[in-house]
Amino acid sequence: QGDLVESGGGLVRPGDSLRLSCAPSGFAVSSRYMTWVRQAPGKGLEWLSGIFSGTTNTHYADSVKGRFTISRDIATNTVYLQMNDLTSEDTGIYFCNAFIGGQFTWGQGLQVTVSS
C-alpha cells in the first residue's frame, strides 16, 4: 500500500562499507516484517536479511552473515542495511521489501557496484 524509497547505493571498492536506506510511506516500519533482497548480474533474487515487527529479532542469509546488519529507526521510519567488507560478489540490485496484507511490497531497486 505504501511506496518504498531506497537510497544509499553506488560504486564502491572491495573492502569498503555502504549503508542502504529504505524509507516507506503509508505504513510504519515498526508494524511490518521488513526484508532486503538482491539480484546479482545473471542470477535470480536472493533474500539477504529480515527484521520482525514485534521484536528486534533479525536473521541473515549465510552469504552475508557477519558482514551485513539490518536495523530500523522508529523515529525516522527508516530501515537500514549496513554492508561491510564488500566484495565483487555483492554487486547487484538491492530491493527493500515489506510484508503487507499477506504479500511483499517492493522498493524500486538500488544499484550497488563493487569494483576496483
Side-chain angles (χ1 to χ4, degrees):
Q1 62 176 349
D3 187 30
L4 280 63
V5 179
E6 303 174 29
S7 62
L11 175 64
V12 297
R13 300 170 182 172
D16 282 357
S17 296
L18 199 63
R19 188 176 73 167
L20 307 182
S21 299
C22 176
S25 61
F27 65 91
V29 297
S30 61
S31 68
R32 300 287 186 264
Y33 172 57
M34 304 292 295
T35 75
W36 287 95
V37 178
R38 74 182 177 190
Q39 185 172 27
K43 297 184 178 181
L45 294 170
E46 178 188 14
W47 174 86
L48 298 176
S49 182
I51 183 168
F52 290 99
S53 62
T55 69
T56 57
N57 287 350
T58 59
H59 46 110
Y60 302 89
D62 289 339
S63 60
V64 303
K65 190 177 300 182
R67 298 189 299 119
F68 289 14
T69 302
I70 188 172
S71 63
R72 61 184 167 216
D73 189 325
I74 304 302
T76 60
N77 201 40
T78 304
V79 172
Y80 300 100
L81 184 67
Q82 178 67 44
M83 305 185 294
N84 297 328
D85 195 24
L86 289 164
T87 75
S88 60
E89 298 297 320
D90 296 313
T91 293
I93 303 174
Y94 285 69
F95 300 91
C96 178
N97 293 267
F99 194 65
I100 304 173
Q103 301 181 21
F104 281 103
T105 297
W106 291 69
Q108 73 274 21
L110 189 63
Q111 179 68 47
V112 173
T113 302
V114 185
S115 176
S116 299

>> When you compare the side chain of Tyr60 with that of Ile70, does any pair of heavy atoms fall below 4.5 Å?
In response: yes
> Are Leu20 and Val5 connected in a single hydrophobic cluster, I mean Ile/Leu/Val/Met/Phe/Trp/Tyr linked by side-chain heavy atoms less than 4.5 Å apart?
Replying inline: no
> Do the non-hydrogen side-chain atoms of Thr105 and Leu4 ever get within less than 4.5 Å of each other?
Replying inline: yes
>> If I compare all heavy atoms of Cys22 with all of Met34, which pair ends up nearest, and what's the gap?
In response: SG-CE, 4.3 Å
> Given Asp85 and Phe68, is the side-chain contact (heavy atoms from CB on, under 4.5 Å) satisfied, shown in steps?
Replying inline: CA-CA 9 Å; Asp85 195 24; Phe68 289 14; over 6 Å; no
> Do the ring planes of Trp106 and Phe95 sit parallel (below 30°), tilted (30 to 60°) or perpendicular (above 60°)?
Replying inline: perpendicular
>> I'd like to know if Phe52 and Phe104 are part of one continuous hydrophobic network [Ile/Leu/Val/Met/Phe/Trp/Tyr, side-chain heavy atoms within less than 4.5 Å].
In response: yes
> Checking side-chain contact (heavy atoms from CB on, under 4.5 Å) for the pair Val64/Arg38: CA distance, chi angles, key distance, verdict?
Replying inline: CA-CA 11 Å; Val64 303; Arg38 74 182 177 190; 4.2 Å; yes
> Would you say the side chain of Pro14 lies within less than 4.5 Å of the side chain of Ser116, judging by non-hydrogen atoms?
Replying inline: yes
> What is the minimum heavy-atom distance between Tyr94 and Glu6, and which atoms define it?
Replying inline: O-OE1, 2.6 Å
>> Return the CD to CD distance between Gln111 and Gln39, rounded to the nearest 0.5 Å.
In response: 10.5 Å
>> How long is the straight-line distance from NZ of Lys43 back to OG1 of Thr91, given to the nearest 0.5 Å?
In response: 10.5 Å
>> Test of understanding: clusters of I, L, V, M, F, W, Y form through side-chain heavy atoms closer than 4.5 Å, transitively. Do Leu45 and Trp47 belong to the same one?
In response: yes
> side-chain contact (heavy atoms from CB on, under 4.5 Å) between Ser71 and Ile51: does it pass, once the steps are laid out?
Replying inline: CA-CA 7 Å; Ser71 63; Ile51 183 168; 5.6 Å; no
Side-chain donor-acceptor pairs under 3.5 Å in residues 76-83, sequence neighbours left out?
residue, atom, partner, partner atom, Å
Thr76, OG1, Thr78, OG1, 3.3
Asn77, OD1, Val29, N, 2.8
Asn77, ND2, Pro24, O, 3.3
Asn77, ND2, Phe27, O, 3.1
Thr78, OG1, Thr76, O, 3.0
Gln82, NE2, Asn84, OD1, 3.0

>> Tell me whether Ser49 contacts the main-chain N or O of His59 through its side chain, where contact means a donor paired with an acceptor under 3.5 Å.
In response: yes
> How long is the gap from CZ on Arg32 to CZ on Arg72, to the nearest 0.5 Å?
Replying inline: 12.0 Å
>> Rounded at 0.5 Å granularity, tell me how far CD in Gln103 sits from CG in Asn97.
In response: 12.0 Å
>> Once you measure the plane-to-plane angle for Tyr33 and Phe99, does it fall in the parallel (<30°), tilted (30-60°) or perpendicular (>60°) bin?
In response: perpendicular
>> Measuring from atom CG of Asp16 to atom OG1 of Thr87, what distance do you get when rounded to the nearest 0.5 angstrom?
In response: 12.0 Å
